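What follows is a set of notes on a single structure, which appears directly below.
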Protein chains: 2
Amino acid sequence: MQLNKKVKVEQGAEQKIIAAARRIFQRKGMAGARMEEIAAEAGINKALLHYYFRSKEKLFQVIMMEAKGQMLGRLHPILGSDAPLFEKIELFVESYISFVTENPFLPGFILHEINRHPEKLVNEISSGAKRPNLSKFFQQVETEIKKKNIIAIQPEQLFMNMLSMCVFPFVGRPMLQTVLNVTDKKFNQLLADRKKEIPVFIINSIKR
Amino acid sequence: MQLNKKVKVEQGAEQKIIAAARRIFQRKGMAGARMEEIAAEAGINKALLHYYFRSKEKLFQVIMMEAKGQMLGRLHPILGSDAPLFEKIELFVESYISFVTENPFLPGFILHEINRHPEKLVNEISSGAKRPNLSKFFQQVETEIKKKNIIAIQPEQLFMNMLSMCVFPFVGRPMLQTVLNVTDKKFNQLLADRKKEIPVFIINSIKR
DNA sequence: TGCACTATTAACCATTTGGTTAAACAATGC
DNA sequence: GCATTGTTTAACCAAATGGTTAATAGTGCA
């Protein structure tokens with residue numbers, strides 16, 4: 001028989017802290033987050049935060065690294081694959097929207113924090129993980145243009161368009177929802193629809 | 001002869017404060033901004049901030065109202081006009097990108113602060129200014145669909161796409177620039193190109 | 001059982017920070 | 001000139017906040 005009081009759902013303190021820090025940091029940002037608040041959210045004492053992660057800055061780095069990794073890490077596997085261009089676009093949009101749906105505060109968090117520190121660029125992405133490489137995707141676009149399968153477009157512009165349409169509605173949700181004057185339910189439906197709508201929109205636009 | 005030491009460029013203290021607060025708040029957000037810092041940026045004493053604007057919160061409200069007004073105020077004049085749909089799209093994109101080019105931190109600022117306060121929605125936009133009304137634009141889209149001039153698309157999706165492609169590259173610039181691996185100059189060129197590229201992209205996508 | 005080691009906490013500390021106050025300073029009217 | 005009113009500042013204050021410490025509780029193991 002095991003006497004361990006913390007079984008099943010009861011994750012260790014370290015994990016509880018990370019989960020709490022994720023929630024608080026992502027919503028309020030580094031400057032807006034309070035160590036006390038994170039401790040409370042994790043259901044522990046403030047001193048324990050410093051026991052596991054020495055400082056607010058250190059804890060923040062952990063969350064930020066994780067966030068960057070999640071946000072950028074899915075670019076390469078999809079865009080670097082061998083799938084044909086149109087299929088790749090569909091895959092990318094579906095995957096990215098699914099991810100952001102699960103983590104609606106993540107993009108805004110990263111963007112705000114990066115803007116806050118213009119000095120150190122986004123370098124050392126995810127602590128030296130592979131920098132996302134778009135060359136495969138870019139080559140594919142160039143090839144399809146040469147083959148007259150799609151119209152001439154700068155690959156960079158196409159990529160920006162794709163990413164913008166996937167991510168922005170989540171970052172700008174409160175503003176958009178007000179301007180569009182729709183309910184939560186309706187807006188969620190619109191977001192869900194975009195998994196199918198955006199690929200159609202993009203492919204319509206570029207195919208000859 | 002006027003003895004007034006503060007002529008020409010020397011705006012009054014109140015204006016200097018607002019200008020400084022705009023810069024600091026937009027870059028660092030409410031929580032990240034320091035009153036002392038704003039005072040220094042304005043070249044005055046911290047106590048003078050409280051003389052003109054009673055509290056940080058009050059000063060912040062001034063900047064936020066102004067920001068919302070600028071961001072949302074330009075929607076209605078363009079989208080509510082009588083211009084034909086395609087022309088309207090061109091006007092909108094050009095106007096919006098020009099504006100965001102001049103105020104690159106403004107969208108991120110608003111979005112972050114709104115996310116930070118989910119309770120009070122974007123209501124009371126610009127202190128009761130006219131809520132942007134998209135109905136004219138939406139009607140136009142419906143009409144063009146009926147006339148078979150454009151393909152079927154939910155007007156809300158079209159609007160989201162437009163706004164996303166205009167705004168996101170500025171909000172997400174640091175991330176995008178890293179991923180695309182381009183210089184400042186090249187990225188600025190890409191952004192400038194978008195004034196023409198986005199309308200083409202959109203119209204290509206929807207026209208029959 | 002007792003010892004070493006980890007985990008956890010309450011109380012505390014130093015610094016930062018928004019905000020206040022009283023006094024100096026400048027402009028303006030009489 | 002001098003009183004009055006508006007502007008600006010240095011010094012100060014109280015609350016908030018990140019971080020520390022010393023003591024306590026729990027755990028494995030010899």
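Being a predicted model, the structure only gives us computed values, none of them experimental. Computed from heavy atoms alone, side chains included, the values below leave out hydrogens, waters and symmetry copies. Numbered from 1 within each chain, the chains take letters A, B, ... in sequence-line order.
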Specify the separation, in whole Å, of atom [atom1] of [X] and atom [atom2] of [N].
X: B:L48; N: C:dT21; atom1: CG; atom2: P; answer: 16 Å
X: B:F60; N: C:dG19; atom1: CZ; atom2: P; answer: 13 Å
X: B:N45; N: C:dC25; atom1: CG; atom2: P; answer: 14 Å
X: A:L49; N: C:dT9; atom1: CG; atom2: P; answer: 10 Å
X: B:E36; N: C:dT15; atom1: CD; atom2: P; answer: 16 Å
X: B:E14; N: D:dT8; atom1: CD; atom2: P; answer: 10 Å
X: B:E37; N: C:dG18; atom1: CD; atom2: C1'; answer: 14 Å
X: A:H50; N: C:dA11; atom1: NE2; atom2: C1'; answer: 15 Å

For a quick check under 3.5 Å, do A:Q177 and A:D184 share a side-chain donor-acceptor pair by atom type? yes

Toward the 5' end of DNA chain C, which comes first, B:K56 or A:K46, by nearest nucleotide? A:K46

Assign each of A:Y51 and A:A47 the nucleotide of DNA chain C bearing its closest heavy atom; nearer the 5' end lies the nucleotide of A:Y51

Classify [X] by what it touches in the nucleic acid, base, sugar-phosphate, or nothing, heavy-atom distance under 4.0 Å.
X: A:Y52; answer: sugar-phosphate
X: B:I44; answer: sugar-phosphate
X: B:A33; answer: sugar-phosphate

Which word best sums up how the rings of B:F109 and B:F60 line up, parallel for under 30°, tilted for 30 to 60°, or perpendicular for over 60°? perpendicular

How are the rings of A:Y96 and A:F92 set relative to one another: parallel (under 30°), tilted (30 to 60°) or perpendicular (over 60°)? parallel

Heavy-atom side-chain contact between B:L79 and B:Q140 under 4.5 Å: no

Where the side chain of B:M35 is concerned, which of C:dT9, D:dT8, C:dG19 is the nearest nucleotide? C:dG19

Reckon B:R34 has a side-chain N or O less than 4.0 Å from the OP1 or OP2 of C:dG18? yes

With a cut-off of under 6.0 Å to the ring centre and 45° to the axis, is A:R74 in cation-pi contact with A:F99? yes

